[in-house]
Amino acid sequence: MNIVMQTEFPDLKLVGRGKVRDIYDLDDKLLIVSTDRLSAFDVILPEGIEGKGKVLTELSKFWFDKTSHIIDNHLITTDVSKMPEVCHKYKDVLEGRSMLVKKAKPLLAECVVRGYITGSGMKDYLQTGSVCGIKLPAGLKEADKLPEPIFTPSTKADVGHDESISFEKMCEIVGTDYANQMKDYTIAIYKFASELALTKGIIIADTKLEFGLFDGKVILIDEVLTPDSSRFWFADKYTPGKVQDSMDKQIVRNYLETLDWNKQAPGPVLPKNISDETSKRYREIADLLIK
């Protein structure tokens with residue numbers, strides 16, 4: 001089993017380790033390496049998921065290509081042979097799990113769009129009749145499709161918990177003009193991707209996108225519509241009124257909820273059957289979408 005938890009490239013300048021990605025500075029570009037680390041409840045678990053980083057890279061490339069008519073993105077190449085020569089000696093690690101990208105300036109808010117009500121959104125709705133302050137119709141059940149997708153931004157945290165914020169707060173953080181662009185792009189990408197995924201038997205319940213500035217323009221960055229950043233459901237098994245069988249890391253969250261764990265680091269080690277099933281689900285979603 002070859003699980004990559006962390007990368008070490010002596011010739012490259014490491015500038016960041018996120019929950020999943022290691023980021024290297026290549027002067028005017030960045031090298032983003034998707035490891036097999038898994039975070040749940042914003043805690044990085046001690047062991048990774050086999051093949052996860054490669055699935056994240058494969059799916060991000062797919063969606064960057066598919067959504068490029070909506071917005072430009074930061075992807076230059078995933079082909080190691082087309083990356084700067086300093087990367088070539090690390091091909092055995094980089095192959096399949098790395099992206100050479102434009103060096104954009106991140107806009108520090110995460111753009112969450114929800115097309116269905118579930119998870120923290122359902123908890124909020126049951127308490128307030130709203131999700132992140134957005135009033136919704138009465139009587140919605142778990143996993144119901146919303147009349148229209150709703151935009152519910154959050155703070156961006158490399159460690160610790162992201163926190164939901166109002167759109168007004170997002171405007172304060174990134175500026176009103178950029179906030180409006182990010183909202184419009186997020187909803188457009190979600191609607192396009194949802195329709196495409198549905199033709200392949202997949203419901204995208206919600207997703208999280210990130211944006212940055214490059215040459216004065218807002219572009220799409222980070223990852224796009226992966227099992228780490230989205231909830232995917234099987235369309236043929238979709239049954240409103242109950243928690244859906246997810247094609248993402250929900251299997252891990254469900255297992256962790258059965259434990260007496262305070263959701264603080266260090267996280268628990270997952271049983272092999274949970275790790276194996278999660279790895280299988282990640283692979284399955286990629287195969288279904290990209291076929």
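The basis for the numbers below is simple: all heavy atoms, side chains too, and nothing from hydrogens, waters or symmetry mates.
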Can you find a pair of side-chain heavy atoms, one from [X] and one from [Y], that are under 4.5 Å apart?
X: L213; Y: Y178; answer: yes
X: K191; Y: P149; answer: yes
X: I165; Y: E172; answer: no
X: K29; Y: V101; answer: no
X: L146; Y: L140; answer: yes
X: D287; Y: K291; answer: no
X: R21; Y: V33; answer: no
X: D22; Y: Q6; answer: yes

Quiz item: What residues, two or more places apart in sequence or in another chain, satisfy ring-ring contact (aromatic ring centres under 6.0 Å, His included) together with F192?
Solution: H69
Exercise. Could you tell me which residues satisfy ring-ring contact (aromatic ring centres under 6.0 Å, His included) with Y185, sequence neighbours excluded, listed by chain and number?
Key: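 If we apply the ring-ring contact (aromatic ring centres under 6.0 Å, His included) test to Y185, skipping adjacent residues, there are no hits.
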Check [Y] with [X], please: is the shortest side-chain N to carboxylate O separation under 4.0 Å?
X: D27; Y: K13; value: no
X: R231; Y: D248; value: no
X: D72; Y: K217; value: yes
X: K19; Y: D42; value: yes
X: E95; Y: K54; value: no

Is atom [atom1] of [X] surrounded by more than 12 heavy atoms (other residues, nucleotides or ligands) closer than 6.0 Å?
X: K145; atom1: NZ; answer: no
X: E8; atom1: CD; answer: yes
X: K272; atom1: NZ; answer: no

Quiz item: Do C87 and L31 pass the side-chain contact (heavy atoms from CB on, under 4.5 Å) test, and can you show the C-alpha distance, the side-chain angles, and the key distance before you say yes or no?
Solution: CA-CA 9 Å; C87 300; L31 178 69; 4.2 Å; yes
Quiz item: If you take all heavy atoms of I71 and F211, which pair is closest and at what distance?
Solution: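 Of all heavy-atom pairs spanning I71 and F211, the closest is CD1-CE2, 3.6 Å.
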Looking just at side-chain N and O atoms, do [X] and [Y] make a donor-acceptor pair shorter than 3.5 Å?
X: N273; Y: E277; result: no
X: T155; Y: E110; result: no
X: T226; Y: D228; result: no
X: R114; Y: T152; result: yes

State whether the side chain of [X] and the backbone N or O of [Y] hold a donor-acceptor pair below 3.5 Å, judged by distance alone.
X: K52; Y: R37; value: yes
X: D36; Y: V4; value: yes
X: K249; Y: A40; value: no
X: W63; Y: L225; value: yes
X: S130; Y: C132; value: no
X: T278; Y: I274; value: yes
X: Y125; Y: L136; value: no

Practice problem: Verify side-chain contact (heavy atoms from CB on, under 4.5 Å) between L107 and I173, making sure each step is shown before the conclusion. | Solution: CA-CA 9 Å; L107 288 161; I173 294 170; over 6 Å; no
Exercise. Starting from the C-alpha separation in whole Å, work towards a yes-or-no answer on side-chain contact (heavy atoms from CB on, under 4.5 Å) for M182 and M170.
Key: CA-CA 10 Å; M182 292 160 75; M170 179 183 170; 3.6 Å; yes
Practice problem: Run the numbers on Y190 and F151 for ring pair (Phe, Tyr, Trp, His ring centres under 6.0 Å), then give the verdict. | Solution: CA-CA 10 Å; Y190 175 76; F151 182 71; over 10 Å; no
To the closest 0.5 Å, what do you measure between [atom1] ([X]) and [atom2] ([Y])?
X: L38; Y: S279; atom1: CG; atom2: OG; value: 11.0 Å
X: K123; Y: T118; atom1: NZ; atom2: OG1; value: 9.5 Å
X: K102; Y: L30; atom1: NZ; atom2: CG; value: 12.5 Å
X: L209; Y: I221; atom1: CG; atom2: CD1; value: 10.5 Å

Practice problem: Given side-chain contact (heavy atoms from CB on, under 4.5 Å), test S246 with I251 step by step and report yes or no. | Solution: CA-CA 7 Å; S246 288; I251 186 173; over 6 Å; no
Quiz item: Do the ring planes of Y24 and F9 sit parallel (below 30°), tilted (30 to 60°) or perpendicular (above 60°)?
Solution: tilted
Practice problem: Identify whether NZ of Lys or CZ of Arg in K61 sits under 6.0 Å from the centre of the six-membered ring of F64 and within 45° of that ring's axis. | Solution: no
